[in-house]
Structures are given as structure tokens and as C-alpha cells.
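Reviewing the structure listed below.
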Amino acid sequence: MASDTPAAPAPAGPTPAAPGSPAHARILAEITGMLVEIVGDEFLLAEEVTMATTLNDDLALESIEFVALAEQLHDRYGTEVDLMGFLAEKDMEAILAMSLGDLVTHIGRVTHRSPADTAPSAPSAPRTVTAG
């Protein structure tokens, strides 16, 4: 019996890594390394850093440490990962509750966009060159 519902189109290009994937584990490890440089390893050794670790309650990051993290994320991932822009989209409650998992998911999403997502929407007209 055939379904009346059309099949969903296949996604174009690579898809972001699923939570819990090796890509997310790699991103979490990279962020943990950055945090060790920023806040010191003795502080992070007191707590296990996981996807559920919160930036405010668990790590107690201060604003200068957010700036340092933003710079390191920019150096590692380029301009696509804009921590301050990501935070600006959230209200204060969401920022205070943000976990490393939220940040990892954001990085995984923005660094795995397909080229079609960043291409111009309409092709430009061919350019004609004439000899003068």
C-alpha cells in the first residue's frame, strides 16, 4: 500500500554531527583544553567536564574568561564560530543556564554547513569582455 505523503527530500551536503558523536566528543575535548588554558587545570580537575557542565554554575566563568574563550574559539574554528554573537541571541536566563553541550552543538552546526548554505542565492550574470 503506497503512502499519500511524499518522501522528505534528502538533505543537501554534509549534516551536522549528532549529539554524542565522535565529532562532538572532539569539540568538547578541544573546548576543555581551551578552558584549562583560561581558568587553570587545577580548577577543572576538581570537576569532570561533560556536555552537561554549565559555564556559569559549574565553571563560574567571568566575563573576561568568556572573552578569552571567544578568542580561542575564533582562532580554532574561524569567524563562523562567534561566541559573542551566539550569546547575544540568548536572554540572560539562557546564558546563565548554558552548558558546554549547548556550545558544542552550536559549533558542530556552524562548522558543518554545506557549501550551498553559504553560496549566493542567485548566480550573477556572465561577464562579457570586449576588445577595445
Side-chain angles (χ1 to χ4, degrees):
M1 175 179 234
S3 171
D4 292 335
T5 312
T15 57
S21 71
H24 276 194
R26 177 187 49 77
I27 294 169
L28 178 62
E30 290 171 350
I31 293 173
T32 301
M34 293 173 195
L35 290 169
V36 165
E37 290 181 32
I38 294 166
V39 301
D41 58 352
E42 61 280 344
F43 182 80
L44 289 178
L45 289 176
E47 300 250 352
E48 181 183 1
V49 177
T50 68
M51 296 286 273
T53 301
T54 61
L55 297 172
N56 184 53
D57 289 341
D58 296 329
L59 298 178
L61 289 188
E62 296 183 14
S63 58
I64 191 72
E65 293 165 331
F66 271 103
V67 172
L69 180 58
E71 289 174 356
Q72 289 201 19
L73 290 170
H74 175 79
D75 290 346
R76 169 61 182 93
Y77 299 105
T79 58
E80 288 183 320
V81 177
D82 175 12
L83 179 59
M84 295 307 158
F86 178 59
L87 294 176
E89 297 172 354
K90 300 182 174 304
D91 63 22
M92 185 56 71
E93 188 175 308
I95 292 170
L96 293 175
M98 192 170 80
S99 70
L100 288 179
D102 297 329
L103 184 56
V104 166
T105 300
H106 169 69
I107 292 169
R109 184 176 60 248
V110 300
T111 60
H112 290 89
R113 282 190 276 196
S114 78
D117 291 340
T118 58
S121 57
S124 59
R127 187 171 175 205
T128 306
V129 177
T130 56

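Residue numbers start at 1 and run along the sequence shown.
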* Can you find a pair of side-chain heavy atoms, one from H74 and one from V81, that are under 4.5 Å apart? -> no

* **Of all pairs that satisfy salt bridge (Lys or Arg N to Asp or Glu O under 4.0 Å), the ones with a partner from residues 94-103, not counting sequence neighbours** => none

* Asked: Which atoms form the tightest heavy-atom contact between L35 and L100, and what is the distance?
  -> CD1-CD2, 4.0 Å

* Asked: Which heavy atom of I107 sits nearest a heavy atom of T111, and at what distance?
  -> O-OG1, 2.6 Å

Nearest 0.5 Å, what's the [atom1]-[atom2] distance between [X] and [Y]?
X   : Y   : atom1 : atom2 : result
E93 : N56 : CD    : CG    : 12.0 Å
L59 : T54 : CG    : OG1   : 6.5 Å
M98 : L61 : CE    : CG    : 8.5 Å
I95 : F86 : CD1   : CZ    : 9.5 Å
L55 : I31 : CG    : CD1   : 8.5 Å
L87 : F66 : CG    : CZ    : 6.0 Å

* In chain order, what residues pass the salt bridge (Lys or Arg N to Asp or Glu O under 4.0 Å) check against E71, with sequence neighbours excluded? -> none

* Counting only N and O atoms by type, is there a donor-acceptor contact under 3.5 Å from the side chain of E65 to the main-chain atoms of E62? -> yes

* To which residues is M92 joined in a hydrophobic cluster, defined by side-chain heavy-atom contacts under 4.5 Å among Ile, Leu, Val, Met, Phe, Trp and Tyr, whether direct or through other members? -> L96

* To do: Using side chain to side chain contact (heavy atoms under 4.5 Å, CB included) as the criterion, point out the one residue from I27, L103, L28 that pairs with M51.
  => L28

